[in-house]
Amino acid sequence: MSSEFVRGLTCRLCGKQYPKEALNFCTEDFGPLEVEYDYEAIGRALSREAIERRPRTMWRYKELLPIDGEPTVGLQVGCTPLIKARRLAEALGVRELYIKNDAVNHPTLSFKDRVVAVALSKAVELGFDTVGCASTGNLAGSVAANASAAGLNAYVLIPDNLEQGKVLGATIYGAKVVAIKGNYDHVNRLCSQIAFRFGWGFVNVNLRPFYAEGSKSMGFEIAEDLGWRTPDHVVAPMAGGSLIGKIFKAFKELEGLGWVDPVKTRMFGAQATGCNPITNTVKTDAKRVKPVRDPQTIAKSLAIGDPADGFFASKLMRETGGWGEDVDDDAIVDAMKLLAETEGIWAETAGGVTLAVTRKLIEQGKIDRNGSTVICITGNGLKTQEAIIDRIALPPVIAPNLAEFESLVGASAPADSELAPVGA
Amino acid sequence: MAKVSIPTPLRPAADGQASLEGAGTTVGEVLADVGRQYPDLHKRLFAAEGQLHQYVNVFVNDEDIRFMDELDTPVKESDEIGIIPAIAGG
């Protein structure tokens with residue numbers, strides 16, 4: 001039981017404290033609420049060695065996650081590979097590069113399974129029988145799948161222009177999927193009103209403080225897999241801007257427990273130029289995030305024009321010596337191909353954003369070529385096929401005879417023949 | 001007078017009412033008038049320097065005032081002003 005480890009919720013702006021309830025903002029100033037822990041108690045109860053003896057799922061860090069009992073949803077989530085990306089490092093001209101590959105996270109192939117595992121475990125604890133979410137796609141699939149497995153009713157609200165793979169990936173699990181005319185920000189606003197009206201557990205609305213903590217598991221795993229070390233740089237995609245902050249929070253929690261050396265990681269955030277409210281805030285040194293009214297990018301999972309955690313994400317990037325950058329759609333597709341061709345990883349469009357931004361930051365000198373860098377890949381390319389299908393060369397078609405094959409192979413040198421990797 | 005919709009969490013600061021009416025020709029004036037009627041509501045909406053708290057979002061007939069003239073956005077008597085907490089991504 002870990003109930004002794006979670007103290008409650010605290011407003012990130014004014015510090016007002018709240019009990020562990022389905023509440024996501026402070027009633028004094030609407031500031032976002034954050035889970036507070038008793039780290040002394042955690043330090044007494046837990047050690048690196050105890051964690052290492054546990055099964056390889058995100059729940060090996062359960063004392064540092066905001067549930068009161070044992071987890072009940074998403075028991076196999078997490079502990080995705082941290083891959084030493086030698087060929088990609090060579091292509092980018094850096095010494096030490098890793099990919100945290102949540103494109104293979106279980107069960108729905110995105111990092112959202114982490115936050116949903118926590119949010120729905122908490123929803124069960126709080127007695128909700130119906131859960132929901134506003135989603136750009138990955139969360140929709142994860143809530144639908146995990147709710148189904150947990151026997152919960154699910155309402156999933158999405159913009160009406162999502163990739164087909166993500167729509168089907170939510171519908172197959174039997175959730176009630178509703179497409180809303182408009183962009184993600186319209187959907188999110190409606191969900192806020194529904195949560196008030198119907199009393200359901202919306203994972204990214206009234207369960208948000210608990211939900212967001214699930215992202216810390218990505219940071220814990222990175223540090224553990226590096227041998228209880230934090231990297232020099234982390235590059236993370238930003239939609240609402242929560243993930244980047246939670247990875248850093250995880251590092252700081254490990255530091256506070258004395259399990260890693262003092263954290264010097266510089267945090268870098270990635271967006272698409274067609275929806276760049278957070279990177280724009282960093283670049284202009286603005287005090288407030290100016291929302292983007294009409295996001296236009298193939299990276300739909302990052303197309304949140306009004307990012308709730310944008311303020312904290314931009315502050316974090318500045319305070320850690322990191323930076324925020326954005327890239328256009330062509331650069332996104334090029335980077336998706338580069339990742340696939342060098343490391344055999346087919347990331348969704350957001351992964352293309354993250355890698356393309358990494359390349360840009362290296363070229364700008366903002367990422368030290370001799371340092372260690374972790375790139376966070378948060379979703380699988382299978383879900384965003386239509387974003388690139390027109391940009392990939394189709395295979396040659398030949399008759400089933402050896403002569404035609406020999407003719408094809410012999411037509412040009414192997415390096416630039418039509419049999420070379422797609423996009424080479 | 002323009003109508004101001006009060007979200008559930010703020011209603012205790014407005015004697016439990018779901019909507020209020022405020023005088024004024026801009027969003028800022030209407031919210032200030034409502035705030036004069038209910039000072040507890042005012043401090044939940046506005047920071048000390050007269051700006052809206054960072055996580056308070058205001059809409060006029062479903063249009064975010066950050067895409068218009070912020071607190072200087074003009075309002076007519078038939079307009080409805082909505083207050084919604086900033087919400088997070090998915």
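So you know, we letter chains A, B, ... as the sequences are listed, proteins then strands, and number each from 1. Here the structure is a predicted model, which means the values were calculated and not measured.
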- prompt: Is the backbone of A:Ala308 close enough, under 3.5 Å, to the side chain of B:Tyr55 for a donor and an acceptor to pair up by distance?
  reply: yes

- prompt: To the nearest 0.5 Å, what is the distance between CG (B:Leu45) and CG (A:Asp29)?
  reply: 10.5 Å

- prompt: Side chain, backbone, both or neither: which part of A:Thr27 has a heavy atom under 4.5 Å from chain B?
  reply: both

- prompt: Hey, which residues of residues 4-31 of chain B are touching chain A, say heavy atoms under 4.5 Å apart?
  reply: B:Pro7, B:Thr8, B:Pro9, B:Leu10

Neighbour count above 12 (heavy atom, 6.0 Å) for A:Lys315 NZ: no

message: Please classify the contact between A:Val292 and chain B as side chain, backbone, both or neither, with a heavy-atom cut-off of under 4.5 Å.
response: backbone

message: What residues of residues 61-78 of chain B make heavy-atom contacts with chain A at a cutoff under 4.5 angstrom?
response: B:Asp62, B:Glu63, B:Asp64, B:Arg66, B:Phe67

- prompt: What residues, two or more places apart in sequence or in another chain, satisfy side-chain hydrogen bond (donor to acceptor under 3.5 Å, both in side chains) together with A:Arg288?
  reply: none

message: A side-chain contact here means heavy atoms from C-beta on lying under 4.5 Å apart; do B:Gln54 and A:Phe30 qualify?
response: no

message: Tell me which of these, A:Gly31, A:Pro291, A:Cys133, A:Gly310, has more heavy-atom pairs under 4.5 Å with chain B than the rest.
response: A:Pro291

query: Got A:Arg189 and B:Ile84 here, is their nearest side-chain heavy-atom distance under 4.5 Å?
result: yes

query: Sequence neighbours excluded, which residues qualify as ring-ring contact (aromatic ring centres under 6.0 Å, His included) partners of A:Tyr18?
result: none

- prompt: Checking A:Leu13 against chain B: side chain, backbone, both or neither under 4.5 Å from a heavy atom?
  reply: side chain

field: Interchain contact, B:Phe46 with chain A, by part (heavy-atom threshold 4.5 Å)
entry: neither

message: Tell me if the NZ atom of A:Lys290 is crowded by more than 12 foreign heavy atoms within 6.0 Å.
response: yes

message: Only pairs of heavy atoms separated by less than 4.5 Å count here; which of A:Pro32, A:Cys26, A:Ser242 has the most with chain B?
response: A:Pro32

